[in-house]
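Below is one structure, written out as C-alpha coordinates; comments come after it.
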Amino acid sequence: MTDYSAGAAWMNGKIMPIGQASIGVLDWGLTHSDVTYDVVPVWRGGFFRLDDYLDRFMTSMAELRLEPGIDRAGIRAALVQMVAASGLRDAYVAMVCSRGAPIVPGTRDPRYCANHFFAWCVPYVNIIPPERVAEGVSVYIPDDIHRIPEDSVNPRAKNYHWGDFTQGLFAAKDRDFDTVLLTDHAGNVTEGPGFNAFIIKGNRVVTSDHGVLHGLTRRTAIEMCQVEGFTVETRPLPLTEFLEADEVFLTTSSGGVMPVARVNDRLFGNGAPGPQGMALRDTYFRWMEREDFRDDIPYDS
Ligand code: PLP
(Lines give C-alpha, C1' and ligand atoms only; values in the text may rest on other atoms or scores of the structure.)
Protein backbone atom coordinates (compact mmCIF):
# COMPACT_ATOMS: atom_id res chain seq x y z
CA MET A 1 0.00 0.00 0.00
CA THR A 2 1.24 3.50 -0.83
CA ASP A 3 2.43 5.44 2.21
CA TYR A 4 0.66 8.80 2.37
CA SER A 5 1.46 9.49 6.02
CA ALA A 6 3.60 12.52 5.07
CA GLY A 7 0.91 13.75 2.67
CA ALA A 8 -0.30 13.43 -0.91
CA ALA A 9 -0.24 15.52 -4.07
CA TRP A 10 -2.46 15.82 -7.15
CA MET A 11 -0.42 16.61 -10.26
CA ASN A 12 -1.92 16.38 -13.78
CA GLY A 13 -4.75 14.15 -12.63
CA LYS A 14 -2.51 11.71 -10.74
CA ILE A 15 -2.36 11.28 -6.97
CA MET A 16 1.05 10.50 -5.50
CA PRO A 17 2.94 10.61 -2.18
CA ILE A 18 3.92 14.21 -1.52
CA GLY A 19 7.65 13.41 -1.72
CA GLN A 20 7.23 12.50 -5.40
CA ALA A 21 5.55 15.77 -6.45
CA SER A 22 7.69 18.43 -8.17
CA ILE A 23 7.54 21.41 -10.54
CA GLY A 24 10.11 22.51 -13.13
CA VAL A 25 12.93 24.94 -12.40
CA LEU A 26 11.72 27.29 -15.19
CA ASP A 27 8.26 27.67 -13.65
CA TRP A 28 7.46 31.35 -13.04
CA GLY A 29 5.77 30.29 -9.81
CA LEU A 30 9.32 29.62 -8.62
CA THR A 31 11.37 32.20 -10.53
CA HIS A 32 8.93 35.14 -10.16
CA SER A 33 6.62 34.14 -7.26
CA ASP A 34 3.98 34.32 -10.00
CA VAL A 35 1.49 31.98 -8.42
CA THR A 36 -1.63 31.98 -6.31
CA TYR A 37 -2.79 29.42 -3.82
CA ASP A 38 -5.28 28.70 -1.11
CA VAL A 39 -5.33 26.49 1.95
CA VAL A 40 -8.45 24.82 3.31
CA PRO A 41 -8.41 22.88 6.57
CA VAL A 42 -9.68 19.33 6.95
CA TRP A 43 -10.84 18.64 10.48
CA ARG A 44 -12.04 15.33 11.95
CA GLY A 45 -12.53 13.91 8.46
CA GLY A 46 -14.34 16.82 6.82
CA PHE A 47 -13.46 19.97 4.87
CA PHE A 48 -14.33 23.22 6.69
CA ARG A 49 -16.08 25.88 4.54
CA LEU A 50 -14.70 24.32 1.35
CA ASP A 51 -16.92 26.38 -0.96
CA ASP A 52 -15.78 29.63 0.64
CA TYR A 53 -12.12 28.68 0.15
CA LEU A 54 -12.83 27.65 -3.46
CA ASP A 55 -14.58 31.00 -4.08
CA ARG A 56 -11.49 32.85 -2.83
CA PHE A 57 -9.15 30.71 -4.92
CA MET A 58 -11.22 31.27 -8.10
CA THR A 59 -11.22 35.04 -7.42
CA SER A 60 -7.43 35.07 -6.82
CA MET A 61 -6.81 33.26 -10.12
CA ALA A 62 -9.05 35.68 -12.03
CA GLU A 63 -7.34 38.66 -10.36
CA LEU A 64 -3.89 37.42 -11.47
CA ARG A 65 -5.13 36.32 -14.93
CA LEU A 66 -4.18 32.71 -14.27
CA GLU A 67 -5.98 29.99 -16.18
CA PRO A 68 -5.71 26.65 -14.39
CA GLY A 69 -7.03 24.49 -17.24
CA ILE A 70 -9.55 22.89 -14.89
CA ASP A 71 -12.88 24.26 -13.69
CA ARG A 72 -14.12 24.79 -10.17
CA ALA A 73 -15.93 21.44 -10.04
CA GLY A 74 -12.77 19.70 -11.25
CA ILE A 75 -10.67 21.44 -8.58
CA ARG A 76 -13.18 20.45 -5.91
CA ALA A 77 -13.16 16.83 -7.08
CA ALA A 78 -9.34 16.78 -7.16
CA LEU A 79 -9.16 17.97 -3.55
CA VAL A 80 -11.74 15.47 -2.34
CA GLN A 81 -10.09 12.53 -4.17
CA MET A 82 -6.62 13.51 -2.97
CA VAL A 83 -7.55 13.84 0.70
CA ALA A 84 -9.64 10.63 0.55
CA ALA A 85 -6.65 8.76 -0.90
CA SER A 86 -4.29 10.23 1.71
CA GLY A 87 -6.42 8.95 4.59
CA LEU A 88 -5.58 12.15 6.53
CA ARG A 89 -8.35 13.09 8.99
CA ASP A 90 -6.85 16.46 10.04
CA ALA A 91 -5.04 18.11 7.18
CA TYR A 92 -3.65 21.27 5.61
CA VAL A 93 -4.86 21.18 2.02
CA ALA A 94 -3.23 23.48 -0.53
CA MET A 95 -4.55 24.27 -4.02
CA VAL A 96 -2.09 26.09 -6.26
CA CYS A 97 -2.15 27.72 -9.70
CA SER A 98 1.21 28.73 -11.11
CA ARG A 99 2.06 30.82 -14.17
CA GLY A 100 4.16 27.86 -15.32
CA ALA A 101 7.14 27.64 -17.65
CA PRO A 102 7.45 29.92 -20.70
CA ILE A 103 6.13 28.37 -23.91
CA VAL A 104 8.44 30.69 -25.86
CA PRO A 105 11.92 30.11 -24.38
CA GLY A 106 13.22 33.13 -22.46
CA THR A 107 10.10 35.24 -23.00
CA ARG A 108 9.17 37.98 -20.53
CA ASP A 109 5.60 38.04 -21.81
CA PRO A 110 3.31 36.59 -19.13
CA ARG A 111 0.75 35.60 -21.78
CA TYR A 112 3.15 32.95 -23.09
CA CYS A 113 3.41 30.66 -20.11
CA ALA A 114 1.77 27.28 -19.51
CA ASN A 115 -0.39 27.97 -16.44
CA HIS A 116 -1.08 24.88 -14.38
CA PHE A 117 -2.99 23.72 -11.35
CA PHE A 118 -1.83 21.28 -8.70
CA ALA A 119 -2.74 20.43 -5.12
CA TRP A 120 -1.19 18.84 -2.09
CA CYS A 121 -2.06 17.95 1.47
CA VAL A 122 -0.06 17.27 4.62
CA PRO A 123 -1.06 16.53 8.24
CA TYR A 124 -2.77 19.55 9.88
CA VAL A 125 -0.33 22.42 10.45
CA ASN A 126 -0.35 24.69 13.52
CA ILE A 127 1.69 27.76 12.62
CA ILE A 128 2.25 28.27 16.36
CA PRO A 129 2.41 25.13 18.53
CA PRO A 130 -0.81 24.70 20.62
CA GLU A 131 1.27 24.54 23.83
CA ARG A 132 2.59 28.03 23.07
CA VAL A 133 -0.94 29.24 22.29
CA ALA A 134 -2.07 27.93 25.71
CA GLU A 135 0.60 30.11 27.33
CA GLY A 136 -0.21 33.12 25.14
CA VAL A 137 1.52 33.98 21.87
CA SER A 138 4.29 36.60 21.75
CA VAL A 139 4.36 38.89 18.72
CA TYR A 140 7.10 41.16 17.47
CA ILE A 141 6.16 44.28 15.48
CA PRO A 142 9.30 45.75 13.90
CA ASP A 143 9.50 49.45 13.10
CA ASP A 144 11.87 48.96 10.18
CA ILE A 145 10.08 46.24 8.14
CA HIS A 146 6.66 46.95 6.60
CA ARG A 147 4.10 44.92 4.68
CA ILE A 148 4.49 45.24 0.93
CA PRO A 149 2.05 48.00 -0.20
CA GLU A 150 -1.26 46.77 -1.54
CA ASP A 151 -0.88 48.74 -4.76
CA SER A 152 2.32 46.76 -5.41
CA VAL A 153 1.00 43.29 -4.56
CA ASN A 154 -2.70 42.73 -3.95
CA PRO A 155 -2.87 40.95 -0.57
CA ARG A 156 -6.40 39.72 -1.25
CA ALA A 157 -5.08 37.40 -3.98
CA LYS A 158 -3.26 34.89 -1.77
CA ASN A 159 0.37 34.93 -2.81
CA TYR A 160 3.96 33.85 -2.13
CA HIS A 161 5.43 37.37 -1.79
CA TRP A 162 6.76 36.61 1.67
CA GLY A 163 10.10 38.46 1.60
CA ASP A 164 8.83 40.98 4.18
CA PHE A 165 7.44 38.23 6.44
CA THR A 166 10.63 36.14 6.23
CA GLN A 167 12.79 39.12 7.16
CA GLY A 168 10.33 39.89 9.97
CA LEU A 169 10.38 36.28 11.21
CA PHE A 170 14.17 36.37 11.49
CA ALA A 171 13.92 39.62 13.46
CA ALA A 172 11.22 38.08 15.73
CA LYS A 173 13.07 34.78 16.28
CA ASP A 174 16.34 36.62 17.02
CA ARG A 175 14.42 38.29 19.90
CA ASP A 176 12.68 35.08 21.08
CA PHE A 177 9.19 36.02 19.89
CA ASP A 178 6.83 33.40 18.43
CA THR A 179 6.01 35.38 15.32
CA VAL A 180 5.95 38.75 13.58
CA LEU A 181 3.14 41.15 12.67
CA LEU A 182 3.75 43.92 10.13
CA THR A 183 2.48 47.48 9.92
CA ASP A 184 1.95 49.36 6.66
CA HIS A 185 3.88 52.51 5.81
CA ALA A 186 1.21 54.66 7.53
CA GLY A 187 1.55 52.89 10.90
CA ASN A 188 -1.52 50.64 10.68
CA VAL A 189 -1.39 47.00 11.73
CA THR A 190 -1.81 44.66 8.75
CA GLU A 191 -1.14 40.91 8.97
CA GLY A 192 1.52 38.33 9.72
CA PRO A 193 2.95 35.23 8.04
CA GLY A 194 -0.25 33.21 7.73
CA PHE A 195 -2.66 35.14 9.96
CA ASN A 196 -4.88 38.19 10.45
CA ALA A 197 -4.92 40.24 13.68
CA PHE A 198 -7.80 41.47 15.86
CA ILE A 199 -8.21 43.61 18.96
CA ILE A 200 -10.95 43.54 21.59
CA LYS A 201 -11.70 46.82 23.39
CA GLY A 202 -14.78 46.80 25.61
CA ASN A 203 -17.57 45.34 23.49
CA ARG A 204 -15.87 46.30 20.21
CA VAL A 205 -13.74 44.07 18.02
CA VAL A 206 -11.56 45.65 15.33
CA THR A 207 -9.60 44.10 12.45
CA SER A 208 -7.96 45.71 9.44
CA ASP A 209 -9.87 45.78 6.17
CA HIS A 210 -7.00 46.88 3.95
CA GLY A 211 -3.47 45.69 3.20
CA VAL A 212 -4.52 42.19 4.26
CA LEU A 213 -5.80 38.90 2.95
CA HIS A 214 -9.46 38.57 3.80
CA GLY A 215 -8.82 35.40 5.78
CA LEU A 216 -11.54 32.80 6.02
CA THR A 217 -10.74 32.39 9.72
CA ARG A 218 -11.03 36.18 9.96
CA ARG A 219 -14.51 35.85 8.45
CA THR A 220 -15.38 33.04 10.88
CA ALA A 221 -14.06 35.12 13.80
CA ILE A 222 -16.16 38.12 12.68
CA GLU A 223 -19.25 35.89 12.56
CA MET A 224 -18.47 34.36 15.98
CA CYS A 225 -17.96 37.83 17.49
CA GLN A 226 -21.28 39.03 16.05
CA VAL A 227 -23.03 36.02 17.59
CA GLU A 228 -21.36 36.87 20.93
CA GLY A 229 -22.81 40.40 20.73
CA PHE A 230 -19.59 42.32 19.96
CA THR A 231 -19.70 45.29 17.60
CA VAL A 232 -17.29 44.41 14.79
CA GLU A 233 -15.38 47.14 12.96
CA THR A 234 -13.33 46.40 9.82
CA ARG A 235 -11.18 49.45 9.12
CA PRO A 236 -7.57 50.64 9.32
CA LEU A 237 -6.18 49.70 12.74
CA PRO A 238 -3.45 52.13 13.96
CA LEU A 239 -0.63 50.55 15.96
CA THR A 240 -1.26 53.01 18.83
CA GLU A 241 -4.86 51.76 19.14
CA PHE A 242 -3.71 48.16 18.80
CA LEU A 243 -1.35 48.49 21.75
CA GLU A 244 -4.14 49.89 23.94
CA ALA A 245 -6.48 46.93 23.42
CA ASP A 246 -7.92 44.80 26.22
CA GLU A 247 -7.05 41.67 24.27
CA VAL A 248 -5.39 40.77 20.98
CA PHE A 249 -5.85 37.61 18.95
CA LEU A 250 -4.66 36.20 15.62
CA THR A 251 -6.67 34.10 13.15
CA THR A 252 -5.48 31.44 10.71
CA SER A 253 -6.65 28.27 9.00
CA SER A 254 -3.54 26.67 10.49
CA GLY A 255 -4.34 26.86 14.18
CA GLY A 256 -7.62 28.80 14.45
CA VAL A 257 -7.92 31.69 16.91
CA MET A 258 -4.68 32.35 18.81
CA PRO A 259 -4.77 34.76 21.78
CA VAL A 260 -1.73 37.00 22.19
CA ALA A 261 -0.10 37.64 25.57
CA ARG A 262 2.69 39.99 24.52
CA VAL A 263 3.40 42.48 21.72
CA ASN A 264 6.96 43.87 21.85
CA ASP A 265 7.34 44.94 25.50
CA ARG A 266 3.57 45.38 26.10
CA LEU A 267 1.90 42.59 28.12
CA PHE A 268 -1.80 41.80 27.67
CA GLY A 269 -3.70 40.11 30.53
CA ASN A 270 -0.53 40.15 32.66
CA GLY A 271 1.19 38.00 30.07
CA ALA A 272 -1.49 35.29 29.83
CA PRO A 273 -3.94 34.59 26.98
CA GLY A 274 -7.11 36.67 27.38
CA PRO A 275 -10.34 34.92 28.44
CA GLN A 276 -12.42 36.28 25.53
CA GLY A 277 -9.81 35.21 22.99
CA MET A 278 -9.62 31.76 24.59
CA ALA A 279 -13.43 31.44 24.46
CA LEU A 280 -13.37 32.36 20.74
CA ARG A 281 -10.64 29.76 20.19
CA ASP A 282 -12.89 27.04 21.73
CA THR A 283 -15.87 28.21 19.69
CA TYR A 284 -13.81 28.09 16.49
CA PHE A 285 -12.92 24.43 16.99
CA ARG A 286 -16.59 23.68 17.71
CA TRP A 287 -17.65 25.51 14.53
CA MET A 288 -15.09 23.44 12.58
CA GLU A 289 -17.42 20.49 13.19
CA ARG A 290 -20.65 22.32 12.29
CA GLU A 291 -22.71 20.35 9.76
CA ASP A 292 -23.53 23.43 7.68
CA PHE A 293 -19.83 24.28 7.23
CA ARG A 294 -18.69 20.72 6.62
CA ASP A 295 -18.11 18.41 3.67
CA ASP A 296 -17.41 14.85 4.80
CA ILE A 297 -14.62 13.09 2.94
CA PRO A 298 -15.40 9.70 1.35
CA TYR A 299 -12.38 7.76 2.69
CA ASP A 300 -11.86 4.23 1.38
CA SER A 301 -11.71 2.84 4.92
N1 PLP B 1 -2.81 36.62 5.89
C2 PLP B 1 -1.90 35.93 5.19
C3 PLP B 1 -0.77 36.66 4.54
C4 PLP B 1 -1.99 34.54 5.06
O5 PLP B 1 -1.08 33.86 4.35
C6 PLP B 1 -3.07 33.88 5.70
C7 PLP B 1 -3.21 32.42 5.60
O8 PLP B 1 -2.32 31.74 5.14
C9 PLP B 1 -3.98 34.63 6.45
C10 PLP B 1 -3.84 36.01 6.50
C11 PLP B 1 -5.14 33.95 7.16
O12 PLP B 1 -6.09 33.49 6.24
P13 PLP B 1 -7.02 32.26 6.53
O14 PLP B 1 -7.77 32.54 7.77
O15 PLP B 1 -7.90 32.16 5.33
O16 PLP B 1 -6.12 31.07 6.71
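Just so you know, residue 1 is the first one in the sequence shown, and it goes up from there. In each ligand, atom 1 is the first atom listed, and ligand 1 is the first ligand listed.
For R147 and D164, the salt-bridge test passes: some basic side-chain N is under 4.0 Å from an acidic carboxylate O.
For Y124 and W43, the distance between ring centers is under 6.0 angstrom. For F293 and F48, the ring centers are positioned less than 6.0 Å apart.
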Return a table of donor-acceptor pairs under 3.5 angstrom between the side chains of residues 278-288 and protein atoms on other chains or two or more places apart.
from : atom 1 : to   : atom 2 : distance (Å)
R281 : NH1    : G255 : O      : 3.0
R281 : NH1    : V257 : O      : 2.9
T283 : OG1    : A279 : O      : 2.9

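In terms of heavy-atom proximity, A134 sits nearest to P273 at O-CG, 3.2 Å.
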Check ligand 1 for N or O atoms under 3.5 Å from a protein N or O and list each pair with its distance.
from     : atom 1 : to   : atom 2 : distance (Å)
ligand 1 : 1 (N)  : E191 : OE1    : 2.7
ligand 1 : 5 (O)  : K158 : NZ     : 3.4
ligand 1 : 8 (O)  : K158 : NZ     : 2.5
ligand 1 : 14 (O) : L216 : N      : 3.4
ligand 1 : 14 (O) : T217 : N      : 2.9
ligand 1 : 14 (O) : T217 : OG1    : 2.6
ligand 1 : 15 (O) : R56  : NH1    : 2.9
ligand 1 : 15 (O) : R56  : NH2    : 2.9
ligand 1 : 15 (O) : L216 : N      : 2.8
ligand 1 : 16 (O) : S253 : N      : 2.9
ligand 1 : 16 (O) : S253 : OG     : 2.6

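Side-chain contact annotation: T190 with D184, donor-acceptor N/O pair under 3.5 Å absent.
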